[in-house]
*Asks:* 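Attaching a single structure in structure tokens format; questions to follow.
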Amino acid sequence: MVPMALNSRRDAPEPPDFSHLKRLARDQLIYLLEQLPGKKDLFIEADLMSPLDRIANVSTLKQHEVDKLYKLENKPIVSTCDQLCFLIRPRIHSVKWIADIVNTDKAAGRFRRYKIIFSPQKFYACETILEEQGIYGDVSCDEWEFYLLPLDDDLISLELPEFFRDYFLEGDQRWVSTAGKALHLLHSVYGPFSKVYGIGRCAKMTYETWREFVEDGEQRPRQPEVGNVFLIDRDVDFVTSLCSQVVYEGLVDDIFRIKCGCVEFGPEVTSSDKSLKVMLNSSDKVFSEIRNEHFSNVFGFLSQKAKSLQTAYDKRRGMDIQQMKMFVSQELKGLKQDHRLLSLHISACESIMKKKTKQDFQELLKTEHCLLEGFNIRESISYIEEHINRQVSLTESLRLLCLLSLTENGLIPKDYRSLKAQYLQSYGTEHLLTFANLRKLGLLVEQQPGDTITAMENKVGKLVTDKAVGKLTDAFNSLAKKSNFRALSKKLALIPEVDGEYDLCTPRDMAYIFSGAYVPLSCKLVEQVLDRGWTGLEEVTRLLNGNEFAVTAGGSGGEIKTKHDSQRIVFVMFLGGCTFSEISALRFLGRERGYKFIIVTTAITNSARLLESVLDSRV
Amino acid sequence: MIQNKPDEDDYWNNSKFKAFTFEDEDDEFSQLKESKRAVNSIFVADDDDEDDDDVEKVSWSGEPVGSITWSIRETASTNRMTGEERDYGFPKTETTAQIPSLPKQGSSYSLSSLFKGRSKLGNFQVLSDCIHWVPVGYRPGATNNPSVRSFAPELRKPKSEYKDYISDWSPEDTVRRMQKGKPYSLESFRSLKDKLLLLDEAVQVHDGNIITAVLIFLKRSLSKEILFRELVSRQIALQHFIHFLKEAGEQILLLELLKTLGRTEDMALLQYREHLNIQDEVQRKDFLKGCISLPFSVDDASHVQDHYTLLERQIIVEVNDKHLERAGQTEIFKKYPRKASILNMPIITTLYYSCFYHYGESEGMYSSPTNIKKTFKISDKQYLLAALGARAKLKAWKDVDTLFTTKNWLGYTKKKTPIGFHRVADILHKNNAPVQVLQEYVCLVDDMDLKLNLALKYKCHDVIIDTYKDMKDRHQLMLYRCKVDRSSPEERKIDDILSNTQIRWKN
């Protein structure tokens with residue numbers, strides 16, 4: 001049932017073993033804990049708990065004299081330990097909270113030793129807090145360079161969801177060097193890379209940062225395990241990340257939220273009163289066969305699987321004692337495991353169906369497809385309006401508004417004003433702030449008369465030097481960036497032309513991940529560029545605001561054998577997050593073309609996460 | 001500040017450099033000048049190659065090359081110039097290659113170096129890092145160890161120049177050292193030009209962490225007027241500064257900055273955002289009142305006005321309803337106790353609430369639905385949706401009926417809706433309306449197919465049967481007969497129709 005390649009010319013190579021990365025992170029953490037010998041209490045930032053779980057467990061920590069474990073919360077601590085260790089992301093408010101603890105202790109005449117371990121790195125702004133609070137030197141600081149968490153054979157995450165907001169909304173480049181270092185780590189262990197492609201301003205900066213690291217380091221000739229790299233900014237393609245997901249893994253993420261490769265199924269799925277946490281990755285045999293499937297295929301697969309399971313169990317009949325013994329010792333365990341997983345995924349599917357039927361998913365998808373294809377726009381607008389009026393989920397309404405704006409190059413002023421007013425009435429006036437943020441991101445904008453921006457540039461241009469004008473132009477572009485979706489869609493043939501039904505069982509292109517309605521722009525770019533570089537895509541890159549690049553490793557000359565397997569292993573690094581749908585699409589592309597894609601992302605995202613990250617209404 | 005290349009401080013490592021004698025004070029002075037000159041000459045030579053003309057050249061002592069101070073010093077030292085000058089202008093490649101013995105660590109990520117605690121460069125104290133701690137009396141050239149740097153010439157500078165030589169890193173070097181977590185010092189960046197060169201260099205390497213670090217330094221060492229002025233033409237640095245101030249909670253400074261930049265709308269939004277931090281509703285209301293006059297866009301200003309008005313009324317209604325609920329005399333509150341307070345709810349939620357608890361009140365009451373509709377200019381459609389939802393929830397089917405009933409001039413009544421009867425049916429269905437009520441509205445759906453689909457979905461047998469009859473579809477009707485209960489009224493109805501000889505069936 002896995003979508004078969006129609007013409008698989010060659011098998012994709014095996015991916016390298018990324019478990020090294022876990023060992024690396026674990027060993028470094030142990031080293032850091034040993035830097036504070038003796039018993040200590042460990043406070044862990046909530047965001048770091050799941051990643052930490054993936055590489056170590058409580059006994060690992062206990063072995064290194066961690067006494068009690070606490071979650072970092074904004075309230076006074078109760079620890080009686082003489083040594084406190086804090087494992088945090090480099091955030092100002094966390095450091096302020098720690099500073100309060102230290103100063104409270106000081107005021108009470110209590111002596112303790114404190115250590116902050118920043119992951120993956122510390123920021124000067126955080127150290128400044130320590131200095132200002134008069135505790136610089138009282139607290140030792142370290143960095144746990146846990147840049148990369150392998151979530152699966154072909155998926156590595158930086159687990160930095162804030163990358164998106166910090167860079168794209170706030171314009172803060174604090175994570176750029178982190179991305180560069182992550183890339184450098186991959187390069188050092190699995191490289192050298194022979195080719196690096198990229199598109200987007202952040203991609204370019206990440207590349208340059210990485211190159212600096214490489215130049216600083218020593219190059220040893222090595223056999224590469226991964227040859228090609230493709231870097232892409234999330235804002236190159238917002239549309240894909242905002243579409244409803246309909247492949248199984250994406251759907252599970254949209255509904256239940258997969259966190260760090262793990263999902264928590266509630267009582268409605270487990271049909272008991274308990275929730276169940278399940279790891280979702282390629283070691284789950286049932287899941288790995290359905291994860292990339294369009295949801296409509298999943299039922300068929302599951303029932304087929306159930307039948308074959310039944311047959312396997314039925315083999316017992318007519319067995320003699322010896323055969324039975326063999327069966328029990330060799331097959332039964334596996335069958336039971338399959339059975340458990342199967343029933344779990346069947347219940348999950350049921351639950352998904354129930355939820356989706358309730359929200360009229362069919363009609364929602366129809367509207368999305370209309371927006372993507374650009375017809376019945378007025379109908380779509382009234383559909384969105386109704387969504388808003390009926391106070392359907394706040395992010396859903398926002399998602400549709402953003403899709404409308406992105407596909408139409410902005411809303412006409414009358415619509416913008418009316419939809420915004422209705423939105424504020426339905427969800428609260430404080431969403432004024434949300435609209436301001438979305439405008440800044442270019443996600444939800446009002447159509448401007450074409451010359452406004454240029455006029456502004458000229459005006460400012462007279463005041464400052466040429467170089468500064470360039471910078472200003474960039475800034476203005478990001479303020480009023482046009483998505484040019486319609487033109488891009490045409491140029492890259494993102495909307496497949498289908499006679500009759502699109503065959504979702506044996507898909508012919510990546511559009512299957514969106515029911516055949518749309519080929520994800522991000523993945524299409526990867527496909528095109530791996531085929532022939534950026535040549536021939538000049539118009540496309542212009543529509544995407546440029547910043548594309550393709551670099552071939554120099555110097556080492558003839559070393560690179562294009563026939564080598566490593567050349568068909570490609571890192572695709574998403575700066576600002578990628579969705580499970582995109583991952584499925586790339587897996588499909590890989591099978592079709594004999595590539596093995598390794599997805600590296602700052603975080604797994606979906607429409608809800610992306611939009612929630614730009615809400616300002618929660619303090 | 002010298003604009004030299006990253007590794008050019010290695011120049012001092014060069015063993016060809018002659019040691020000083022330290023005997024003749026005068027001599028010492030002149031030689032210092034020479035070394036300065038030498039370094040400057042390296043820089044100038046470099047410049048020709050690099051064509052780096054967008055950065056202002058600054059001499060060792062921080063004076064812009066070509067400035068008056070600089071040229072005065074130049075004149076002072078030219079007299080003492082010797083032929084040795086040429087020897088100082090080593091090509092970059094030669095000087096940078098001077099420290100081969102320093103173990104340069106490659107990737108610390110190779111598995112062999114698993115146990116390194118800190119970053120590859122951070123945990124390795126490169127000798128150049130020691131420069132801060134070299135005792136002043138250290139005699140350069142006294143050792144032949146090539147890995148020890150001879151940087152002594154500066155150590156005996158006259159007092160007037162003393163301030164400069166603790167760490168004379170160029171902006172490039174400083175930024176690189178900061179990136180690598182090596183010791184650095186920003187104290188020597190004192191002139192505005194140097195500060196800006198430093199900032200621009202941080203921006204040049206794209207490292208947000210360093211950009212912010214430099215900005216924190218500039219914030220401490222420049223007056224805000226000057227800093228703001230310089231940030232205007234540095235958009236990237238500006239964004240970092242704004243984000244830093246936001247995170248650090250420096251609201252007042254941030255507002256001043258936005259004001260200087262003329263970004264009045266951002267200012268207004270930033271101030272408005274503060275209301276989220278105010279828990280007490282009366283204080284919040286008063287704060288919002290103050291926000292009305294902020295320089296919002298025209299549209300936003302009216303939204304903020306609405307926000308204030310809404311909260312003001314919510315407070316009044318809340319006090320009143322809380323009282324009614326406690327008194328226990330009002331039927332509706334007794335039957336349907338409030339689940340939450342109405343404070344800080346959106347306008348539509350407030351409307352729904354008033355349709356639920358205060359339906360039919362006169363317009364003069366703040367709590368009446370009509371008052372809310374009018375005050376906040378709620379469209380008929382939105383009003384209808386809220387009212388329908390609320391009345392359906394209460395199973396007040398008569399109210400629901402009235403919502404859609406209009407009388408024409410002849411006094412005939414007709415049912416009309418701006419949202420389509422399929423929506424009405426949907427909302428009623430979601431509120432568990434009985435089939436009798438539902439089918440009345442399903443019947444009103446114009447589109448035959450849609451009507452049939454809805455009827456099937458909601459199991460409105462009468463509508464289904466009548467529709468098949470209207471469509472003269474005997475076949476479907478017979479099929480449907482199998483789906484209804486045996487000897488139910490529906491079955492009888494179907495049988496009646498099927499036996500009706502008047503109907504001309506199409507099949």
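Below, all heavy atoms of this structure are taken into account, side chains as well, without hydrogens, waters or symmetry copies. By convention in this document, chain letters (A, B, ...) are assigned in the order of the sequence lines, proteins followed by strands, and residues within each chain are numbered from 1.
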*Asks:* Name the orientation class of the two ring planes belonging to A:Tyr427 and A:His431 (parallel below 30°, tilted from 30 to 60°, perpendicular beyond 60°).
*Replies:*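 Taking A:His431 first and then A:Tyr427, their aromatic rings stand perpendicular (interplane angle over 60°).
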*Asks:* With a 4.5 angstrom heavy-atom cut-off, could you sort out which part of B:Met178 is near chain A: side chain, backbone, both or neither?
*Replies:*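 Both the backbone and the side chain of B:Met178 come within 4.5 Å of chain A.
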*Asks:* Please report the shortest heavy-atom distance between B:Tyr272 and B:Leu294, naming the atom on each side.
*Replies:*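 Smallest heavy-atom distance, with atoms named: N-CD1, 4.3 Å.
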*Asks:* Using non-hydrogen atoms and a 4.5 Å limit, figure out which bit of A:Glu208 sits close to chain B: side chain, backbone, both or neither.
*Replies:*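 Looking at A:Glu208, just its side chain touches chain B.
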*Asks:* Heavy-atom cut-off 4.5 Å, strictly under: side chain, backbone, both or neither for A:Glu127 against chain B?
*Replies:*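 Neither part, no heavy atoms under 4.5 Å.
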*Asks:* Checking heavy atoms, do the side chain of B:Leu269, its backbone, both or neither come under 4.5 Å from chain A?
*Replies:*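 Both parts, backbone and side chain.
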*Asks:* Which answer fits A:Gln35, side chain, backbone, both or neither, if we ask what part of it has an atom under 4.5 Å from a heavy atom of chain B?
*Replies:*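 Answer is neither: A:Gln35 stays 4.5 Å or more from chain B.
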*Asks:* Given A:Tyr167 and A:Arg201, is the side-chain hydrogen bond (donor to acceptor under 3.5 Å, both in side chains) satisfied, shown in steps?
*Replies:* CA-CA 11 Å; A:Tyr167 177 76; A:Arg201 194 175 151 260; 2.8 Å; yes
*Asks:* Not counting sequence neighbours, which residues clear side-chain hydrogen bond (donor to acceptor under 3.5 Å, both in side chains) with A:Lys420? List them please.
*Replies:*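 side-chain hydrogen bond (donor to acceptor under 3.5 Å, both in side chains) list for A:Lys420, sorted by chain: B:Asp300.
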*Asks:* Under a 4.5 Å heavy-atom cutoff, which of A:Pro90, A:Cys126, A:Ser177 has the most pairs with chain B?
*Replies:*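 Most heavy-atom pairs under 4.5 Å with chain B: A:Ser177.
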*Asks:* Go through the atoms of B:Lys377 and report whether side chain, backbone, both or neither lie under 4.5 Å from a heavy atom of chain A.
*Replies:*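 Only the backbone of B:Lys377 comes within 4.5 Å of chain A.
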*Asks:* I'd like to know which of B:Gly389, B:Gly249, B:Ala248 tops the heavy-atom pair count under 4.5 Å against chain A.
*Replies:*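 So the answer, after comparing B:Gly389, B:Gly249, B:Ala248, is B:Ala248.
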*Asks:* Just give me the residue among B:Leu238, B:Leu270, B:Ile211, B:Asp426 that pairs up with chain A most often, heavy atom to heavy atom, under 4.5 Å.
*Replies:*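 The residue among B:Leu238, B:Leu270, B:Ile211, B:Asp426 with the greatest pair count is B:Asp426.
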*Asks:* Pick whichever of B:Arg423, B:Lys246, B:Lys430 has the most heavy-atom pairs under 4.5 Å with chain A.
*Replies:*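 Ranked by heavy-atom pairs under 4.5 Å with chain A, first place is B:Arg423.
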*Asks:* Would you mind checking which part of A:Gln425 comes under 4.5 Å of any heavy atom in chain B, side chain (CB onward), backbone (N, CA, C, O), both or neither?
*Replies:*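 Both the backbone and the side chain of A:Gln425 come within 4.5 Å of chain B.
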*Asks:* Given heavy-atom pairs under 4.5 angstrom as the criterion, report whether the side chain, backbone, both or neither of B:Tyr352 touches chain A.
*Replies:*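 Neither part, no heavy atoms under 4.5 Å.
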*Asks:* As an exercise: rank A:Ala436, A:Cys202, A:Ala125, A:Ser426 by heavy-atom pairs under 4.5 Å with chain B and give me the winner.
*Replies:*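 The option with the most such pairs is A:Ser426.
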*Asks:* Which word best sums up how the rings of A:His387 and A:Tyr383 line up, parallel for under 30°, tilted for 30 to 60°, or perpendicular for over 60°?
*Replies:*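 It falls in the tilted class, 30° to 60°.
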*Asks:* With sequence neighbours excluded, tell me which residues meet ring-ring contact (aromatic ring centres under 6.0 Å, His included) with A:Phe123.
*Replies:*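 Residues passing ring-ring contact (aromatic ring centres under 6.0 Å, His included) with A:Phe123: A:Trp175.
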*Asks:* Against chain B, label A:Glu34 side chain, backbone, both or neither, depending on which of its atoms sit under 4.5 Å from a heavy atom there.
*Replies:*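 Neither the backbone nor the side chain of A:Glu34 comes within 4.5 Å of chain B.
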*Asks:* Is the NZ or CZ atom of B:Lys373 positioned over B:Tyr383's six-membered ring, under 6.0 angstrom from the centre and within 45° of the axis?
*Replies:*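 The answer is yes; both the distance and angle limits are met.
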*Asks:* Side chains of B:Thr212 and A:Tyr124: donor-acceptor distance under 3.5 Å anywhere?
*Replies:*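 A:Tyr124 and B:Thr212 do not have a side-chain donor-acceptor pair below 3.5 Å.
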*Asks:* Using the ring centroid of each side chain, check whether A:Tyr207 and A:Trp210 are separated by less than 6.0 Å.
*Replies:*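 Yes; A:Trp210 has its ring centre under 6.0 Å from that of A:Tyr207.
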